[in-house]
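Order of appearance sets the numbers: ligands from 1, and atoms from 1 within every ligand.
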Amino acid sequence: MRRFALIALVATLAFAAVAAAAEKSKEPFFPRSGNAGYKVDEYEARLGYQPRTGFLNAQVWIGARSTQRLSRFSLDLNGLHVTEVEVDGEAAHFNRGRGKLKVTPQTPIKDREEFAVFVRYQGKPQKVTDPDGGEEGWIRTDDGALAVGEPVGTAAWLPCNNVPNDKASFEITISVPRGLEAVSNGRLALVERERDRRIFHWVENEPMSPYLALVDIGRGQLVKTRPDGLPTWTLVDPRQARASRKVLAQLPDIIRFESGIYGDYPFDWAGSVVDVAPRLGYALETQTRPIYAFVPDLTTVVHETAHQWFGDSVGLQRWPNFWLNEGFATWTEWYYAERHGGRSARQIFRRLYRVPATQTDFWDPPSGHPGTPKNLFATSTYVRGGMTLEALRAEIGTQKLLELLRRWAAGHAYASADIEQFIQLAEEVSGRDLGRFFHRWLYQRGKPSGYGSL
Ligand SMILES: [Zn+2]
């Protein structure tokens with residue numbers, strides 16, 4: 001994700017020189033999210049949306065596997081009215097708790113058994129306000145809606161196991177009034193017409209965290225291209241079309257550059273969604289196809305594309321490890337600039353390091369230990385986070401750093417990982433004890449001293 005304030009800071013720095021659940025969730029920041037006793041394999045959601053009223057008529061089939069015997073279980077779901085729940089084809093008893101749909105099947109589910117849940121639900125999905133005041137969830141726009149789920153907004157419109165480390169495949173089918181388009185993750189398998197509506201069938205087969213699920217409904221034209229053989233779907237709000245054409249055309253080059261340093265692009269599909277949602281004010285790395293709530297600049301597209309490796313393919317075990325997403329995407333911005341005639345990542349590091357501590361908020365909280373969910377999107381996660389990789393580069397050399405990032409992307413592809421595993425791999429790749437280094441950069445408060453001459 002990128003917020004406006006950061007965009008200004010980092011874009012200036014980078015381009016000034018060029019023209020341009022399992023067990024009781026255990027999620028420390030969002031303990032109410034996530035559910036015990038099962039893992040999800042697939043979601044198949046059908047959404048019928050009426051933009052004029054904001055009303056959603058929906059159903060979802062969930063294929064899951066139990067990790068213990070279950071006489072009951074729950075899914076995360078905010079609000080909405082549930083009318084029917086079945087487990088393995090049998091009507092199930094259900095009730096609601098805060099942010100939960102609690103299900104009691106007629107027959108308990110045995111340990112390590114596959115089971116299927118069907119939920120029919122409706123109502124007006126709502127936005128979610130995060131601990132830091134940011135907005136996510138279901139956001140209505142003047143011609144439709146969009147859904148962004150970082151960190152917990154997907155439960156605003158989909159019953160799910162809403163933790164980053166329970167990844168599943170997703171089929172999202174969206175029915176909208178004719179004249180509107182609907183886009184989600186992955187491949188567009190089919191578009192059907194039904195009276196005065198059109199139905200878009202989207203399929204993402206690679207494992208995906210619920211928070212990376214995308215829905216965007218609005219005017220525009222879905223355009224398919226195939227740069228470098230990579231099928232790409234793009235939907236741009238007509239009001240943003242002119243202004244975003246040039247930057248979106250850079251996507252193939254950006255993917256080529258990042259594949260060159262991090263290894264093959266992890267997904268079978270790519271794309272971009274540009275909508276008009278002025279109050280949202282950020283971009284999100286929704287899997288295969290980032291969404292921009294404004295016309296993005298080059299740095300933002302570089303950032304969200306880097307997340308396809310770091311965040312989407314290599315996912316998070318838990319939210320306090322967010323540095324693994326944002327530090328890496330931020331450093332990629334700097335390295336991209338360095339290799340494209342902008343300032344070098346080292347120059348950006350030096351400039352940032354010289355900013356007096358009294359004039360910045362990017363040192364604290366330390367990026368490996370944000371402390372509270374309010375700090376999840378703290379500037380330090382991004383800026384100090386990116387500086388951490390640049391300082392590591394100085395410590396172990398460019399070749400070793402790039403080897404480390406490649407091996408990290410390959411070793412945890414389509415899975416979830418944590419910071420400790422990254423530190424271990426860094427020590428393995430460099431053959432060095434980096435405990436002190438990472439302690440200073442990730443966990444110790446304040447500006448790490450001794451880097452003035454870097
Ligand atoms: Zn980001």
Colleague: Are any N, O or S atoms from Glu326 nearer to the Zn ion (ligand 1) than 2.8 Å?
Modeller: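 A backbone or side-chain N, O or S atom of Glu326 is under 2.8 Å from the Zn ion (ligand 1).
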Colleague: Between NE2 of His307 and N of Met1, what angle is found at the Zn ion (ligand 1), rounded to 10 degrees?
Modeller: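 It rounds to 100°.
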Colleague: Verify, without hydrogens or angle tests, whether Tyr121 (side chain) and Val60 (backbone) share a donor-acceptor contact under 3.5 angstrom.
Modeller: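 No: the side chain of Tyr121 does not pair with the backbone of Val60.
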Colleague: Does NZ or CZ of Lys447 come closer than 6.0 Å to the centre of the six-membered ring of Tyr353, within 45° of the ring's axis?
Modeller: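 That pair qualifies as a cation-pi contact.
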Colleague: Quick one, Val274 and Asp237 - any side-chain contact, counting heavy atoms below 4.5 Å?
Modeller: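 They are not in contact (no side-chain heavy atoms under 4.5 Å apart), so the answer is no.
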Colleague: Taking the six-membered ring where the residue is Trp, are the ring centres of Tyr282 and Tyr292 under 6.0 Å apart?
Modeller: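 Ring centroids of Tyr282 and Tyr292 are no less than 6.0 Å from each other.
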Colleague: Any N/O/S atom of Thr330 sitting less than 2.8 Å from the Zn ion (ligand 1), backbone or side chain?
Modeller: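 So Thr330 does not count as coordinating the Zn ion (ligand 1).
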